[in-house]
K.L.:
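Take a look at this one; I'll ask things after.
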Amino acid sequence: MSLDPALLDWMLDADPALSWRVERDLAGAPPDVWGATRARIATEGFGARLLALQDPDGQWAGGAYFPKDFDSEGPEAADDAGQPYTATTWSLNALRDWGLDAAVLAGTADLLAANSRWEYENLPYWGGEVDCCINAFTLANGVWLGADVSGIAQWFLDHQMAEGGWNCEWVEGSTRSSFHSTLNSLKGLLYYEAATGGSDAQRAARRAGEEYLLQRRLLRRLSTGEPVASWATRFVYPFRWFYSVLNAADYFRAAALHDGTAPDPRLADAIEVIRAARRPDGTWLQERRHPGRVWFEVDVPAGEASKWLTFYGTRVLEWWDGR
């Protein structure tokens, strides 16, 4: 299916954090064009707004994973309250995902090494902690900013479960892998490998984690073949830490391009879920908002057509259909 020019123009009319990738991945613009758009992230729009909120000590909101004023016993910590997305890790995730040049944050890695500690046992920031998702974010953010996060890379090898994935609840005794934790771990490992070249052991761990999801067709329980949960087929941007088949398929696209391999045929079920969610006008809807404090909104409310989700959905389908 050829891309509707009006749909492409609609996606291009966006914040630089999105439009540069639309130019590169969908419009076929040359590097000097999308590179110039990407450079604008630091000086306008979402990127500039978030950069302006950085604290003098290198952090955001005064905390590593939670803002300094987060009350773990208060209303914001209720089961249905989500979590705040304003602290350092979430802010770095956003800037990195949007494509900010790490040079803009020169010195931040050293500031965080000196000033930021995890809420869990006051551990040093670049050493990571015990949560797979947090460590995956920190692995990617660290190698992006030039910090030594080789210890976290080894942590993933040491904490991989027998069935190939990871689970943030291993500290509570879980021995079963999690869709959410495994995808976030894979994204961190792939980013680290792309930046450093990785090692044979790291590649083997990544591929075992990929196999965990592929065996389940990205959306089914291995034991019964039944859908794992409604969240797997619910599309929301920003992705945050939540699993969806769109988030996962976009990872497998990146991994295949990195490895120089064709799409795995076991992705077919997930791809058809993504295709079925595309509306006749070529857009995908924002299905909900993950609850929790944010600095500012970067996408539309639930029920409206999302430029971000349309970009990710279109990019995945073009990759799959062009195989």
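Residue numbers start at 1 and run along the sequence shown.
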K.L.:
Assess whether a salt bridge exists between Arg253 and Glu318, defined as any Lys/Arg side-chain N lying under 4.0 Å from an Asp/Glu carboxylate O.
P.N.:
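Here Arg253 does not pair with Glu318 in a salt bridge, since their nearest N and O are not under 4.0 Å apart.
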K.L.:
Mind checking whether Trp20 and Trp34 have parallel, tilted or perpendicular rings, split at 30° and 60°?
P.N.:
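Trp20 vs Trp34 ring planes: tilted.
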K.L.:
Is there a donor-acceptor pair under 3.5 Å between the side chain of Asn135 and the backbone N or O of Ile152?
P.N.:
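No.
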K.L.:
Could you tell me which residues satisfy salt bridge (Lys or Arg N to Asp or Glu O under 4.0 Å) with Glu23, sequence neighbours excluded, listed by chain and number?
P.N.:
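Per chain and number, Glu23 pairs via salt bridge (Lys or Arg N to Asp or Glu O under 4.0 Å) with no residue.
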K.L.:
Is the closest basic N to carboxylate O distance between Asp101 and Arg96 below 4.0 Å?
P.N.:
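No, Asp101 and Arg96 are not salt-bridged.
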K.L.:
Residues two or more places apart in sequence or in another chain: which of them pass side-chain contact (heavy atoms from CB on, under 4.5 Å) with Pro30?
P.N.:
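With neighbours one apart ignored, the set is Asp32, Val33.
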K.L.:
Do Arg289 and Glu297 meet the salt-bridge criterion of a basic N to acidic O distance under 4.0 Å?
P.N.:
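A salt bridge is present here (some side-chain N lies under 4.0 Å from a carboxylate O).
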K.L.:
Could you tell me whether Asp15 and Arg40 have a side-chain N and a carboxylate O separated by less than 4.0 Å?
P.N.:
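Not counted as a salt bridge, because no side-chain N and carboxylate O are separated by less than 4.0 Å.
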K.L.:
Mind checking salt bridge (Lys or Arg N to Asp or Glu O under 4.0 Å) for Arg293 and listing every partner two or more places apart, or none if nothing turns up?
P.N.:
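Applying salt bridge (Lys or Arg N to Asp or Glu O under 4.0 Å) to Arg293 gives Asp69, Glu76.
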K.L.:
Are Asp250 and Arg315 within salt-bridge range, i.e. N to O under 4.0 Å?
P.N.:
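Yes, charged N to carboxylate O under 4.0 Å.
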K.L.:
My understanding is that only one of Leu95, Leu50, Leu92 makes a side-chain contact (heavy atoms from CB on, under 4.5 Å) with Leu100; could you say which?
P.N.:
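That would be Leu95; it is the only one of Leu95, Leu50, Leu92 passing the side-chain contact (heavy atoms from CB on, under 4.5 Å) with Leu100.
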K.L.:
Distance under 6.0 Å and angle within 45° of the ring axis: does Arg234 meet both against Trp231?
P.N.:
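No - Arg234 does not lie over the ring of Trp231 by the 6.0 Å and 45° rule.
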K.L.:
In chain order, what residues pass the side-chain contact (heavy atoms from CB on, under 4.5 Å) check against Ser72, with sequence neighbours excluded?
P.N.:
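So Ser72 forms a side-chain contact (heavy atoms from CB on, under 4.5 Å) with Phe70.
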K.L.:
For the residue pair Phe137 and Trp90, is the inter-centroid distance of their aromatic rings smaller than 6.0 Å?
P.N.:
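Centroid distance Phe137-Trp90: below 6.0 Å, so yes.
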K.L.:
Would you say Gln54's side chain and Gly58's backbone share a donor-acceptor pair under 3.5 angstrom?
P.N.:
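Yes; at least one donor-acceptor contact below 3.5 Å.
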K.L.:
Sequence neighbours excluded, which residues qualify as salt bridge (Lys or Arg N to Asp or Glu O under 4.0 Å) partners of Asp281?
P.N.:
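Salt bridge (Lys or Arg N to Asp or Glu O under 4.0 Å) list for Asp281, sorted by chain: Arg279.
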K.L.:
Would you call Arg207 and Glu210 a salt bridge, using N to O less than 4.0 angstrom?
P.N.:
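Looking at Arg207 and Glu210, the cut-off is not met.
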K.L.:
In chain order, what residues pass the salt bridge (Lys or Arg N to Asp or Glu O under 4.0 Å) check against Arg216, with sequence neighbours excluded?
P.N.:
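Partners of Arg216 by the salt bridge (Lys or Arg N to Asp or Glu O under 4.0 Å) criterion, ordered by chain and then number, come out as Glu163.
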